[in-house]
Enquirer: 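Here it is, the structure, as C-alpha cells.
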Amino acid sequence: MIIVMQEKATPQDIEDVVSRIKEYGYSPQLIEGSLRTVIAALGDARDKARLQSLESLHHVESVMPILKPYKLCSKEVKSESTIIDVKGIKIGGNKLVVMAGPCSVESREQLVATGLACKASGADILRGGAFKPRTSPYSFQGMAEEGLILLKEVSDETGMPIVTEVMNPREIDLVYKYSDIIQVGARNVQNFSLLKEIGRLDKPILLKRGLATTIDEWLMSAEYILSEGNREVILCERGIRTFETATRNTLDLSAVPVLKEKTHLPVIIDPSHGAGYWQYVDAMSRAAVAVGADGLMIEVHWKPEEAYSDGPQSLKPDKFDKLMKALRPIATAVGREI
Ligand code: PEP
Ligand code: MN
C-alpha cells in the first residue's frame, strides 16, 4: 500500500505514520518527493485493511494499493525520475551519460590507451570487466583484482568513474572497493541472493536485462535491490535472445518507452552486446538516443582484432569518436545534451 502524506505534514506526522506501519507488521519505505512524502508499506497484502485505516489521520492525504507487482521502482510510488549522482555525473537527468571502454581489462597498455581515447571523445564513465562471465570455462575469465587496480589507475588519470561487474557474492567487497557503479550482468539478473546483497550497498547498481527476461521480471529484480535499501539502480537493455542470428542478440529498443512508463529508474542502452557486431553499433546508438534512453554503454578497444573478449562488437577509438559526434544532433533533436 502507498500512504500519501499531506503536503503540510511535519516530520513528526511522518514518524507517527511510520511507527503505525511498523506496529501493523509492515516495512515502511520513505520516498521523499519535492512536494510531499509518500510511504510505501511493504509486506503481506492480506491484512491491508489495517493500513487503509491510516486514511483517517489528518496528516494523511490518501492510502492506495500498489497495483504493480514491483513497488519501489514503480511510477505509482514515485512519479519523479530518479537521478543518480556518480562523482558529479548525473545519470537520468537531461544530459546523456556515455559509459565506454573495453569488454575486459587485459593489460595496463590496453586500458590506458583505450581509456584515454574514450575520455578524449567525451565518454563520462569508464567500463571494463575484471570478472568475466564467459560461456566457456576455457575462455579468458578476467584479471580479477589486478584488473580492478588498473581500472582505478585509469580512472584517477582520466577522472572517469568506474563501472565494473560483480559476478559472485564472495567478490562484492573487492569490487565495491574499486568501483563507482557495480554492474550485474545479464546472466545474474535473477541471482536473487546476489541482488539482495548488493541492495545493502551504498553504491549505484547497473542492472543488465537477462537474455530471456521480460520487462516485468527485470523490474522485479530491480525491486530486490531497492527493497534492501539501495535506491540507485540503472537499468541497462543489452539485447534479448530471439530466433534471429544475423545479430548476436535482438536489441529491444521498445523497452525504453515501456520502462519510462513503468519506472522512475534511469534506462541506458548497450548496443554492443545487443548487436554483437561493431558495424551496427553506430546506428543502434543513434536510435537509442532518439527513443529516449538516458545513456549508452559502448565497448571500445584499441585493437579489437586482438581483444580477449567481444572483439567483433568493439569499436576502435576513431569509430567511437565519430559516433560521439554523430550523437550530438540527435540528442539536441530530442531535447537532450550529450
Ligand atoms: C559486459 O558488459 O561485458 C557483459 C558481459 O555484458 P552482459 O552481461 O550484458 O552480457
Ligand atoms: Mn562484453
Side-chain angles (χ1 to χ4, degrees), residues 97-106 110-111 114-115 118 123 125-137 139-144 147-148 150-151 161-168 171 175 179-191 194-195 198 204-213 215 217-218 221-222 225 233-242 247-253 255 267-278 280-281 284-285 288 293 295-316 320:
V97 172
V98 178
M99 307 179 183
C103 178
S104 304
V105 179
E106 299 166 2
Q110 172 243 20
L111 195 66
T114 310
C118 290
I125 292 171
L126 177 66
R127 67 144 287 147
F131 293 97
K132 295 304 303 178
R134 305 305 302 280
T135 302
S136 164
S139 301
F140 176 63
Q141 303 285 306
M143 289 179 77
L148 296 171
L150 290 176
L151 281 166
I162 299 165
V163 56
T164 194
E165 178 164 354
V166 69
M167 282 173 53
N168 189 314
E171 284 139 11
V175 174
S179 60
D180 300 295
I181 302 173
I182 297 169
Q183 176 172 327
V184 174
R187 290 151 193 85
N188 263 324
V189 69
Q190 288 190 316
N191 182 342
L194 177 67
L195 300 177
I198 58 171
I205 308 298
L206 184 132
L207 180 64
K208 287 207 165 186
R209 183 178 184 177
L211 275 73
T213 313
I215 289 175
E217 285 165 347
W218 185 15
S221 292
I225 302 170
V233 174
I234 304 150
L235 299 166
C236 178
E237 160 65 40
R238 45 80 71 208
I240 48 175
R241 189 161 282 184
T242 67
T247 47
R248 181 179 177 184
N249 291 292
T250 297
L251 187 65
D252 180 13
L253 287 178
V267 181
I268 71 160
I269 293 288
D270 170 352
S272 306
H273 291 86
Y277 299 98
W278 68 266
Y280 311 135
V281 169
M284 298 317 287
S285 302
L296 295 164
M297 171 177 262
I298 296 176
E299 286 188 340
V300 181
H301 197 288
W302 72 325
K303 294 175 186 171
E305 57 291 344
E306 289 175 22
Y308 295 173
S309 62
D310 289 348
Q313 68 194 33
S314 300
L315 293 183
K316 286 187 181 158
F320 177 65

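One-based numbering, in listed order, for ligands and for the atoms of each.
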Enquirer: Working to the nearest 0.5 angstrom, can you tell me the gap between Lys132 NZ and Tyr308 OH?
Expert: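 Between Lys132 NZ and Tyr308 OH, I get 14.0 Å after rounding to 0.5 Å.
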Enquirer: Ignoring hydrogens, what is the shortest heavy-atom contact between Leu206 and Cys236? Give both atom names and the distance.
Expert: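 Shortest heavy-atom separation between Leu206 and Cys236 comes out as CD2-CB, 3.8 Å.
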Enquirer: Taking the side chain as every heavy atom from C-beta outward, state whether Arg209 and Val189 have any atom pair closer than 4.5 Å.
Expert: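 SC-SC contact between Arg209 and Val189 ruled out.
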Enquirer: Taking Thr164 for the side chain and Gly128 for the main chain, is one N or O donor matched with an acceptor at less than 3.5 Å?
Expert: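 The answer is yes, because a donor-acceptor pair under 3.5 Å joins these two groups.
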Enquirer: Can you name the nearest heavy-atom pair linking Leu194 to Asn168, along with the distance?
Expert: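 Closest pair (atom of Leu194, atom of Asn168, distance): CD1-C, 4.0 Å.
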Enquirer: Could you check if a side-chain atom of Ile269 sits within less than 4.5 angstrom of a side-chain atom of Met284, using non-hydrogen atoms only?
Expert: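 Contact flag for Ile269/Met284 side chains = no.
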Enquirer: Restricting to distances shorter than 2.8 Å, give the number of protein N, O or S atoms close to the Mn ion (ligand 2).
Expert: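 For the Mn ion (ligand 2), protein nitrogen, oxygen or sulfur atoms under 2.8 Å: 4.
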Enquirer: Looking only at heavy atoms, which two atoms of Gly210 and Ile240 are closest? And how far apart?
Expert: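 Heavy-atom minimum between the residues: O-CG2, 3.8 Å.
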Enquirer: With a 4.0 angstrom cut-off on heavy atoms, strictly below it, pick out the residues next to ligand 1 and order them by chain and number.
Expert: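 Protein residues near ligand 1 are Cys103, Arg127, Lys132, Pro133, Glu165, Gln183, Gly185, Ala186, Arg187, Lys208, Arg238, His273, Glu299.
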Enquirer: Could you note down all residue pairs passing salt bridge (charged side-chain N to carboxylate O under 4.0 Å, His left out) where residues 301-311 supplies at least one of them, sequence neighbours left out?
Expert: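 Qualifying pairs, neighbours excluded: Arg248-Asp310.
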Enquirer: Under the rule for side-chain contact (heavy atoms from CB on, under 4.5 Å), what residues qualify as partners of Ser136, not counting sequence neighbours?
Expert: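 Once residues adjacent in sequence are excluded, the partners of Ser136 under the side-chain contact (heavy atoms from CB on, under 4.5 Å) criterion are Tyr138, Ser139.
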